[in-house]
Amino acid sequence: LLLARQYEEAQRLTFETMVCRGAGSGFGEGAPLPYGSYQTLGDLLLRFEPSPGAGAGEHRAYRRELNLSRAVALTSFDAGGGSVRREVFASHPHQVLVIHLTAVAPATISFRAGMSRPGALTSPDGQGGLTMVGGTPTGGERPPGLERGGLRFAVSLRARLDDDGGTLAVAGDTIVAAHARAVTLVLAVETNYDQQNPPTYLTQQRSDELQAKAMARTAAAAALPYTSLRDAHETDHGSLFHRCSLDLGGHGRRALPTDQRLEAVCAGGFDPDLAATCFAYGRYLLIACSRPGELPANLQGIWSDGLQAAWNADYHNNINLQMNYWPAEVTNLAACHEPLFDFIEYLRPPGRRTARVQYGASGWVTHTISNVWGFTSPGEKASWGLGNAAGWLVGHLWEHYAFGGDLAFLKRAYPAMKEAAQFYLDTLIVEPGASHLVTAPSVSPENAFRSSSGQAISVCFGPTVDTAIVRELFTNTARAAGLLGTDAVFARALEDVVPRLPPFSVGRRGTLQEWYEDLDEVEPGHRHISHLYGLYPSSQITPTTTPALAEAARATLLRRLAHGGAATGWSRAWFVASWARLGDGARVGEQVHELLARSTLPNLLDYHPPFENAAPPFQIDGNFGLTAGIAEALLQSHQSFIALLPALPPAWSHGAVVGLRARGAFEVDISWSAGKLTQAALRSLRGEACRLRLPAGVAARVTRRDVVVGTIPAGGGELSFSTAAGESYIVTTDP
Ligand code: FUC
């Protein structure tokens with residue numbers, strides 16, 4: 001029907017047959033199998049008693065700060081008897097949350113600490129602390145496999161006096177601290193979730209067993225001095241955070257509270273340091289929510305604050321999950337990328353089943369939404385839930401290899417790439433007109449076009465995004481097979497398909513076509529710009545190799561913007577990265593400004609406007625996308641060369657970045673002044689050859705240990721040189 005352009009009927013059938021139907025829970029059209037929402041663990045409340053000399057509620061000089069380089073949140077206030085400080089951090093090495101309260105004056109700190117969560121039970125733990133036990137689901141939803149008892153958790157909370165003053169006691173379901181000067185609280189949680197244990201993804205551990213484990217962790221942590229816990233945490237965080245930093249000058253504004261700085265930017269103020277702070281914040285967030293061995297960052301990272309999150313705070317695979325990981329490689333947090341790779345592995349077995357059951361195909365596939373219960377089916381509405389995401393996800397495996405150059409990793413990653421390619425090999429169909437191979441049925445996230453009778457149609461064949469993903473996947477999988485010396489016949493089959501994929505086309509408006517044919521979008525300002533996948537994150541469209549397509553990409557971005565596009569934070573972030581790829585620094589600066597002014601909450605978390613039935617406004621992808629987009633303006637390596645300052649916003653006239661990463665295993669530092677490159681350093685990690693390109697009009701020489709390796713004339717040239725692993729190459733510009 002699609003090939004006969006009978007779109008209405010094709011769409012009707014697809015809607016009827018291509019989503020999972022279950023008991024239904026008012027979750028949307030068709031769908032849902034019970035699916036579940038990511039949830040907060042609960043609340044820890046500290047209720048302070050008035051301090052000596054202060055009236056109730058009289059806390060002055062209240063100040064909250066988050067130190068990004070130490071990853072410590074500090075609250076300080078004047079409680080009448082003197083100032084009180086509260087430091088909070090979540091320690092990766094000790095797997096506990098730590099709260100440390102200190103007062104200048106003795107006997108100042110009195111509070112009751114308690115935990116709450118609907119349906120959970122808090123009680124004394126018999127060792128001077130509290131435990132809270134409970135489980136999900138708390139609402140009506142029960143993820144598959146959880147019908148006979150859901151996820152269980154146990155929390156342990158302990159307190160300790162850090163000097164001689166004051167008392168601690170447990171009273172009912174609270175810990176009571178009285179007249180203390182220094183108190184430390186430690187909290188640990190255990191659940192019976194087990195990603196490696198399908199189909200239930202749960203262990204058999206009972207609540208008391210979970211409780212014993214959580215208590216053992218808080219006991220171990222509470223036996224350590226506060227400074228040891230904090231030092232271990234700061235060392236751990238710093239080992240990742242300090243790998244990369246950005247300085248755009250203008251530090252004078254740091255004395256102002258962040259919300260006031262943001263308001264000033266909204267009012268048109270100039271504050272490049274706030275963009276640099278957001279860059280650091282994105283890295284801070286990724287370090288804090290995505291460590292090897294853990295689940296990947298979901299739509300709210302790990303910071304969902306209710307029992308029912310917007311979009312279930314799940315994994316959306318048609319931009320959002322991928323965007324979370326855009327900054328990982330380039331901003332030197334490759335280790336934080338690992339949870340995504342594990343997640344891809346984890347989706348493969350259910351994804352194979354979906355490929356077989358839903359398409360009669362081999363390989364693996366997953367669609368627009370997925371979760372920690374192995375959901376890989378199209379859901380919840382076919383109009384957008386049908387997007388095929390496996391190809392896009394495994395693109396991250398190749399990127400990790402491209403940046404790090406680790407063949408052992410590629411060997412580990414290759415089967416997931418191969419199986420994703422296998423799925424497409426089995427399911428591509430021939431469009432008879434031009435004999436192109438196309439995907440079908442599919443969607444172009446999450447837009448629609450008008451059929452000849454004016455109906456909005458989402459279901460299509462050969463959307464540009466799919467074609468770009470398949471082209472990239474097949475090319476990279478064939479390359480991987482070659483590098484690993486395996487699967488020559490399969491690789492040839494993939495290579496044979498690539499020329500039969502539809503080429504990118506420019507439509508009658510001068511924009512890049514979103515669909516196989518030149519169709520009008522229902523929403524010309526749609527937030528998704530997936531048909532520009534070839535521009536970013538892929539590298540199939542560049543101003544130098546495909547100038548006409550780059551021009552069409554530019555026209556596409558402008559048309560989207562002219563129609564109110566980029567209205568979500570993540571969408572705006574994608575524009576930032578896309579303009580960077582087009583080498584347009586002015587637009588990068590403009591879009592960064594818009595993202596700060598329109599889509600950033602006062603605590604700098606990314607904003608997603610309420611959608612359909614109104615949703616909480618926070619979504620983390622925009623934070624990560626912005627960080628990646630800023631990096632892309634300063635350094636690019638997606639072609640076979642390293643470009644320094646390819647899209648520097650004019651407003652960022654002075655600055656320096658340290659520790660960005662380039663493909664080919666390089667670490668790069670760049671400084672500039674008056675908008676011009678002044679110096680750069682490239683550290684070669686694996687001794688790969690380097691092709692270096694400078695901004696036009698800059699002449700420079702490259703030295704290694706003070707010996708000239710080569711020169712680049714001002715005419716805008718490039719220099720190729722071999723490198724030795726571990727050596728640094730210094731780029732010094734002519735004044
Ligand atoms: C995609 C977007 C929405 C939202 C959701 C979580 O479907 O189109 O804007 O970000 O993911």
Side-chain angles (χ1 to χ4, degrees), residues 19 27-32 35-38 289 296-306 308-326 343 366-372 375 377-389 392-393 442-448 456 458-459 463 465-466 514 521-533 537 560 563-578 595 598-601 605-626 628-629:
V19 286
F27 191 59
E29 216 176 61
Y35 183 83
S37 174
Y38 186 82
C289 74
N298 65 39
L299 287 170
Q300 299 186 354
I302 50 173
W303 293 283
S304 184
D305 81 346
Q308 177 57 59
W311 289 284
N312 303 307
D314 68 1
Y315 299 107
H316 265 57
N317 306 319
N318 65 355
I319 177 62
N320 319 86
L321 177 58
Q322 291 90 340
M323 184 177 280
N324 284 357
Y325 287 92
W326 283 355
F343 191 62
T366 187
H367 295 84
T368 307
I369 56 174
S370 56
N371 65 13
V372 301
F375 190 94
S377 304
E380 46 181 284
K381 297 184 184 180
S383 61
W384 56 267
L386 190 58
N388 175 336
W392 191 338
L393 283 173
S442 191
V443 292
S444 182
E446 302 177 7
N447 214 347
S458 317
V459 177
V465 58
D466 282 4
E514 185 163 353
E521 326 89 330
V522 171
E523 277 186 66
H526 202 280
R527 60 198 177 284
H528 285 264
I529 47 172
S530 321
H531 49 316
L532 297 187
Y533 181 88
R560 283 287 212 256
H563 288 83
T568 65
W570 64 258
S571 176
R572 187 75 69 184
W574 200 348
F575 278 73
V576 171
S578 300
L595 181 41
R598 292 171 190 245
S599 296
T600 303
L601 296 162
L605 286 176
D606 175 68
Y607 174 73
H608 190 302
F611 200 75
E612 291 181 351
N613 297 327
F618 157 51
Q619 197 170 290
I620 208 163
D621 38 19
N623 287 103
F624 295 131
L626 174 62

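Just so you know, these numbers come straight off a predicted model, no measurement behind them. Just follow the structure's listing: the first ligand is 1, and inside any ligand the first atom is 1.
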Per-atom contacts, ligand 1 versus His608 - under 4.0 Å to a heavy atom: 3 (C), 4 (C), 9 (O), 10 (O)
Asp314 side-chain N/O to Asn371 backbone N/O, donor-acceptor pair under 3.5 Å: no
Distance filter under 4.0 Å to His528 heavy atoms, resulting ligand 1 atoms: 1 (C), 2 (C), 8 (O)
Sub-6.0 Å ring centroid separation between Trp392 and Tyr533: yes
Parallel, tilted or perpendicular, as decided by the 30° and 60° cut-offs, for the rings of Tyr315 and Phe343: tilted
Residue Glu446 vicinity, atoms of ligand 1 by number, heavy atom under 4.0 Å: 1 (C), 2 (C), 7 (O), 8 (O)
Tyr315, Trp570, Trp311: member with heavy atom nearest to atom 6 (C) of ligand 1: Trp311
With Ala567 via side chain to side chain contact (heavy atoms under 4.5 Å, CB included) - residues at least two apart: none
Atoms of ligand 1, numbered as shown, that sit under 4.0 Å from any heavy atom of Leu299: 6 (C)
Geometric N/O contact Asn320 with ligand 1, under 3.5 angstrom: yes
Ring-ring centroid check His367 Trp384, cutoff 6.0 Å: no
